[in-house]
> 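I'd like to ask some things about the structure below.
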Amino acid sequence: MTDATRPLVRDLSEEELLARIFPLLPGAEATLLGPGDDAAVVAAPDGRFVVTTDVLVEDRHFRRRWSTGYDVGVRAATANLADVAAMGARPTSLVVSLVVPGDLPVGWVTGLARGLADAGTPAGAGVVGGDLSGGDAVVVAVTAHGDLQGRAPVTRSGARAGDVVAYAGNRGLSAAGLALLDAGAAAPADGAPGADGELGPYVGGYLRPDAPLAAGPGAATAGATAMLDVSDGLLRDAGRIARASGVGLDLETTALATDVARLLPAARALGADAVAALGWVLSGGEDHGLLATFPPDAALPAGFRRVGRVLAAAEPGVTVDGGEPATGPGWDHFAG
């Protein structure tokens, strides 16, 4: 152990560790009572609130040799904030439960807190509380709340034949970054803020995804008929809308061409080509973009681009250019 790793979590009491975390977690407009009591109090002016939860497990969802505490904080917050936005709601608060091993540097934990704050604050969501426990590996569980602001929630089940399929956010960036790191073709430092290497956007997109959170309420206001956060891959998550709505979704590769072109430098760094890039676009997860359907005469809101259409289907599912996809559907938490 070196001075650079001190103190470790086991060197502090729970109260001392929390005392280092709390000042890094600013409140937000909806926070009426923040951390420090048995529970927080958050305003719910709509009379309803949206709630979602997600968990990140070390060596399952992230690796500490690649990800700093700050990176994991951004990812954990973003995954939940995007789910709130996908319902058409504005994020208001985050509750965080953290499991940490005793040999974890305290600086990693305070970095996590900064990442949570930096991802949540611009979206209007304060970290209002949570829980802290010891364990053999790092586990970060986040629950997020949101305010519908008088709008009806946008579910997965409202898509209808004739609707336009549209997408907001990055596509394939995170998957490309993971592939580069996994192959040793890039290092975490390549994705650090301010790094100017060619592969930086891909590595940074994996370590700290940037979700189009404002696009969710915008889509709801524009009349979106269905919407979800694309966390497990475009094909797999499009299939969830298809099954929930009882329709077919046909994705158009011509609409994805700019995304494929954007990913070509990453593919070439791995000795691959546009086929691999298209695979990342269709099957890559954790970009946390928003996939939505809109009535055919609706003007697409800011941030959204058409990527396909909704079809009547005897059996709900997803096609690409009218045929079966040539790539797998994306991430499955149990099948991998």
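None of the values given here were measured: they were computed from a predicted structure.
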> Salt-bridge test for Arg63 and Asp182: reply yes if a basic N is under 4.0 Å from a carboxylate O, no otherwise.
yes

> Any non-hydrogen side-chain atom of Trp280 less than 4.5 Å from a side-chain atom of Arg171?
no

> How long is the straight-line distance from CE of Met87 back to OG1 of Thr155, given to the nearest 0.5 Å?
6.5 Å

> Less than 4.5 Å apart, side chain to side chain, heavy atoms only: is that true for Leu228 and Arg240?
yes

> Measure the spacing between CG of Leu94 and CG of Leu25 and express it to the nearest 0.5 Å.
9.5 Å

> How close do Asn80 and Asp54 get, counting heavy atoms only, and between which atoms?
OD1-N, 3.2 Å

> Give a yes or no answer on whether the side chain of Arg236 reaches the backbone of Gly285 with a donor-acceptor pair at less than 3.5 Å.
no

> Side-chain contact test, heavy atoms from C-beta onward, threshold under 4.5 Å: evaluate it for Tyr167 versus Leu234 and give yes or no.
yes

> Counting distance only, does the side-chain N/O of Thr293 pair as donor-acceptor with the main-chain N or O of Ala226 below 3.5 Å?
yes

> Linking I/L/V/M/F/W/Y whenever any side-chain heavy atoms sit under 4.5 Å apart, do Leu98 and Val9 land together?
yes

> Can you list the residues that meet the side-chain hydrogen bond (donor to acceptor under 3.5 Å, both in side chains) rule with Thr319, with sequence neighbours excluded?
Asp250

> Are Leu12 and Leu112 co-members of a hydrophobic cluster defined by side-chain heavy atoms under 4.5 Å apart?
yes

> Determine, using the 4.5 Å side-chain heavy-atom cutoff (strictly less than), whether Val310 and Ile241 are members of one ILVMFWY cluster.
yes

> Taking a hydrophobic cluster as the set of Ile, Leu, Val, Met, Phe, Trp and Tyr residues connected by side-chain heavy atoms closer than 4.5 Å, whether directly or through intermediates, do Leu199 and Leu270 fall within one such cluster?
yes

> Does either side chain, that of Thr253 or that of Asp321, offer a donor lying less than 3.5 Å from an acceptor on the other one?
yes

> Establish whether Leu17 and Val138 are linked, either directly or via other cluster members, by ILVMFWY side-chain heavy-atom contacts under 4.5 Å.
yes

> Would you call Asp190 and Tyr202 a side-chain contact if the rule is heavy atoms closer than 4.5 Å?
no

> So does Ser97 get a backbone contact from the side chain of Asp131, meaning a donor-acceptor N/O pair under 3.5 Å?
no

> Is there a donor-acceptor pair under 3.5 Å between the side chain of Thr52 and the backbone N or O of Ala144?
no

> State whether the side chain of Thr53 and the backbone N or O of Val142 hold a donor-acceptor pair below 3.5 Å, judged by distance alone.
yes

> Tell me, yes or no, whether the heavy-atom count around Glu29 atom CD, taken from other residues, nucleotides or ligands under 6.0 Å, exceeds 12.
no

> Are Tyr70 and Asp118 side-chain neighbours, meaning at least one heavy-atom pair lies under 4.5 Å?
yes

> Is the CZ atom of Arg151 crowded by more than 12 outside heavy atoms at less than 6.0 Å?
yes

> Any salt bridge linking Arg262 with Asp259? Criterion: basic side-chain nitrogen under 4.0 Å from a carboxylate oxygen.
no

> Restricting to ring pair (Phe, Tyr, Trp, His ring centres under 6.0 Å), what partner residues turn up for Phe49, sequence neighbours left out?
His145

> Between the main-chain N or O of Ser174 and the side-chain N or O of Asp287, is there a donor-acceptor pair closer than 3.5 Å?
yes

> Please check if atom CG in Asp136 has more than 12 non-hydrogen atoms from other residues, nucleotides or ligands closer than 6.0 Å.
no

> Would a distance-only check, ignoring hydrogens and angles, find a side-chain to backbone donor-acceptor pair under 3.5 Å from Ser245 to Arg156?
yes

> Can you check whether Val72 reaches Trp108 side chain to side chain, under 4.5 Å on heavy atoms?
yes

> Using the test ring pair (Phe, Tyr, Trp, His ring centres under 6.0 Å), find all partners of Phe294 that sit at least two apart in sequence or belong to another chain.
Phe304

